[in-house]
Undergrad: 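Pasting in a structure now, in structure tokens, and then I'll have a few things to ask.
These values consider heavy atoms only, across backbone and side chains, with no hydrogens, waters or symmetry-generated copies.
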Amino acid sequence: MSANGNLLEVKNLRTYFETDDGIVKAVDDITFQLKRGETLGIVGESGSGKSVTNLSIIRLVPNPPGKIVSGQVFFNGNDLLLLSNDAIRKIRGRRIAMIFQDPMTSLNPFMKISKQLMEMTELHLGHSKAQAYAHAIRMLETVGIPDARERADSYPHEFSGGMRQRVMIAMALSCEPELLIADEPTTALDVTIQAQILELIKTLKRETGTSVILITHDLGVVAGMTDHVIVMYAGKIFEQAPTKELYSVPGNPYTKGLLRSVPDPTDEQGKLYQIPGLPPDVAHLKPGCPFAQRCDYTQDICTREFPPFVQLNADHYSLCHFAREVYSESGGGS
């Protein structure tokens, strides 16, 4: 861990993709920190750069067409972007693990579940086949797979979506990583299974002390799971703050729009708000603020000049020309 107590420090990270339509700045100057034992939520609409940010951290961006153009990613004080391929492989899966969005495409359909779990500990922990198999059974039991010993030799298609996601979590936690990146871990699961998966991640985090980065578009999940939140839009961090503060006093129009979009069960009229328009084409961004065409606060300066990153208090930042006004309207600073 670094001298300032951060397990992970991402500084000025930029990841671009070369396409026939131009350079796509999927991640453009991202900076954030994560302390040991904390959970960080990253939210935003599809295409905002959430997943690419975390694929960049563990250097899984496909090259070509993607390329980490610049930046630093300090993990326990070491810059992951400067490590050799062999060195990063020893960290990836062992000290930093990731739960991917779709377990059906992440698991090998031709390999038994036990074999896929065994590979992790044989590679990273030096287990013998017998040790690895026993450990695989324990991990399946840990994540709540019923009849784990009998089910271990099943293939992925023989499991339900929720069970496959549990297998992915078991695989990610097999080596007791210091950092777990969960990319939309409840996508396409029914509400009951979603709750079980999230509770499982919380329990395992509490028992192992693992830090978590939770990528999601579900603001309800973020509210109950995280300590801090980053709101991304068009490859930028638009707002970051402690979770409770961001929900109670948002300081960015985009964040306010996202929060308004959450269905309110107390609204008798049942009206569902949606942010007008669509996210911008990051290969052809116009001058000024990327959110200007969709924002209720837009003035001339918003279409001419890129907004500053305003510090609203010690841990609360917002990328907006009118951040202080938005923050004040939300009740901040009063």
Undergrad: For residues E45 and Y254, is any side-chain donor paired with an opposing acceptor at under 3.5 Å?
TA: yes
Undergrad: Who are the salt bridge (Lys or Arg N to Asp or Glu O under 4.0 Å) partners of D227, not counting sequence neighbours?
TA: none
Undergrad: Would you please name every residue forming a ring-ring contact (aromatic ring centres under 6.0 Å, His included) with F32, sequence neighbours left out?
TA: none
Undergrad: Nearest 0.5 Å, what's the NZ-CG distance between K112 and L117?
TA: 13.5 Å
Undergrad: Applying side-chain hydrogen bond (donor to acceptor under 3.5 Å, both in side chains), which residue pairs with at least one partner in residues 62-72 are found, sequence neighbours left out?
TA: none
Undergrad: I'd like to know if the side chain of S211 pairs up with that of E38 as donor and acceptor (distance under 3.5 Å, no hydrogens or angles considered).
TA: no
Undergrad: Look at the side chain of H321 and the backbone N and O of E305, then say whether any donor-acceptor pair between them is shorter than 3.5 Å.
TA: yes
Undergrad: Side chains of M111 and E119: does their closest heavy-atom pair fall under 4.5 Å?
TA: yes
Undergrad: Less than 6.0 angstrom from the centroid, inside 45 degrees of the normal: does R95 satisfy that with respect to the ring of F75?
TA: no
Undergrad: When you measure from the side chain of K50 to the backbone of T216, do you find a donor-acceptor pair of N or O atoms at a distance under 3.5 Å?
TA: no
Undergrad: Between D147 and E150 (side chain of the first, backbone of the second, donor and acceptor by atom type, cut-off under 3.5 Å), is there such a pair?
TA: no
Undergrad: With the 4.5 Å side-chain cut-off for hydrophobic clustering, are L246 and M225 part of the same group?
TA: yes
Undergrad: Could you report the tightest heavy-atom contact between L258 and L219, atom names first, then the distance?
TA: O-CD1, 3.3 Å
Undergrad: Hey, any chance F309 and F306 share a hydrophobic cluster, counting ILVMFWY side chains that come within less than 4.5 Å of each other, even indirectly?
TA: yes
Undergrad: Taking the side chain from E207 and the backbone from L204, do they hold a donor-acceptor pair closer than 3.5 Å?
TA: no
Undergrad: How close do L13 and L81 get, counting heavy atoms only, and between which atoms?
TA: CD1-CD1, 4.2 Å
Undergrad: Taking all non-hydrogen atoms of both residues, which atom of C302 and which atom of F322 are closest, and how far apart?
TA: SG-CE1, 3.5 Å
Undergrad: Identify all side-chain donor-acceptor contacts of residues 325-332 below 3.5 Å with residues at least two apart in sequence or on another chain.
TA:
unit_1	atom_1	unit_2	atom_2	d
Y327	OH	E245	OE2	3.1
Y327	OH	N313	ND2	3.2
E329	OE1	Y297	OH	2.7
S330	OG	P250	O	2.8
S330	OG	V326	O	3.0

Undergrad: Is there a path of hydrophobic side-chain contacts, each under 4.5 Å between heavy atoms of I, L, V, M, F, W or Y residues, that connects I42 with F291?
TA: yes
Undergrad: Work out which heavy atom in Y155 is nearest to a heavy atom in F110; give both atom names and the distance.
TA: CE2-O, 3.5 Å
Undergrad: Could you walk me through whether Y317 and N252 pass side-chain hydrogen bond (donor to acceptor under 3.5 Å, both in side chains), step by step?
TA: CA-CA 9 Å; Y317 297 82; N252 192 283; over 6 Å; no
Undergrad: Distance from E199 atom CD to K202 atom NZ, nearest 0.5 Å?
TA: 5.0 Å
Undergrad: Let me confirm one number: the CD1-CD1 distance from I91 to I96, rounded to the nearest 0.5 Å.
TA: 6.0 Å
Undergrad: More than 12 foreign heavy atoms under 6.0 Å from NZ of K25: is that the case here?
TA: no
Undergrad: Kindly work out whether a path of hydrophobic side-chain contacts (I/L/V/M/F/W/Y, heavy atoms less than 4.5 Å apart) joins L8 to I68.
TA: yes
Undergrad: Between the side chains of S56 and T15, does any donor sit under 3.5 Å from an acceptor?
TA: yes
Undergrad: Residues two or more places apart in sequence or in another chain: which of them pass side chain to side chain contact (heavy atoms under 4.5 Å, CB included) with D300?
TA: R304
Undergrad: Is a donor on one side and an acceptor on the other found under 3.5 Å between the side chain of E239 and the backbone of G251?
TA: yes
Undergrad: Strictly by modelled atom types, are T226 and T243 linked by a side-chain donor-acceptor pair under 3.5 Å?
TA: yes
Undergrad: For A323 and V310, work out which heavy atoms get closest and say how close.
TA: CB-CB, 3.9 Å
Undergrad: Give the cluster check for I230 versus V222: same hydrophobic cluster or not, with ILVMFWY residues linked at side-chain heavy-atom distances below 4.5 Å.
TA: yes
Undergrad: Please determine whether side-chain hydrogen bond (donor to acceptor under 3.5 Å, both in side chains) holds for the pair R294 and Y233, giving the CA-CA distance in whole Å, both sets of side-chain angles, and the decisive distance to 0.1 Å.
TA: CA-CA 12 Å; R294 310 173 70 191; Y233 185 79; 3.2 Å; yes
Undergrad: Decide yes or no for V229 and T255: does some side-chain heavy atom of the first lie under 4.5 Å from some side-chain heavy atom of the second?
TA: no
Undergrad: Is it the case that the side chain of D183 and the backbone of I99 share a donor-acceptor pair, with hydrogens and angles ignored and the cut-off at 3.5 Å?
TA: no
Undergrad: Are side-chain heavy atoms of M163 and I145 found at a separation under 4.5 Å?
TA: yes
Undergrad: Taking distance alone, no hydrogens or angles, what donor-acceptor pairs closer than 3.5 Å link side-chain atoms of residues 272-279 to residues at least two apart or in another chain?
TA:
none

Undergrad: So which atom in V27 and which in G49 form the shortest heavy-atom distance, rounded to 0.1 Å?
TA: CG2-O, 3.8 Å
Undergrad: If only side-chain N and O atoms count, and only distance matters, is there a donor-acceptor pair under 3.5 Å linking E184 with H217?
TA: yes
Undergrad: If I take atom CD1 from residue I301 and atom SG from residue C289, how far apart are they, to the nearest 0.5 angstrom?
TA: 11.0 Å
Undergrad: For atom CD of E18, decide whether the heavy atoms of other residues, nucleotides or ligands shown that lie under 6.0 angstrom number more than 12.
TA: no
Undergrad: Check whether the side chains of N85 and R59 place a donor and an acceptor atom closer than 3.5 Å, and report yes or no.
TA: yes
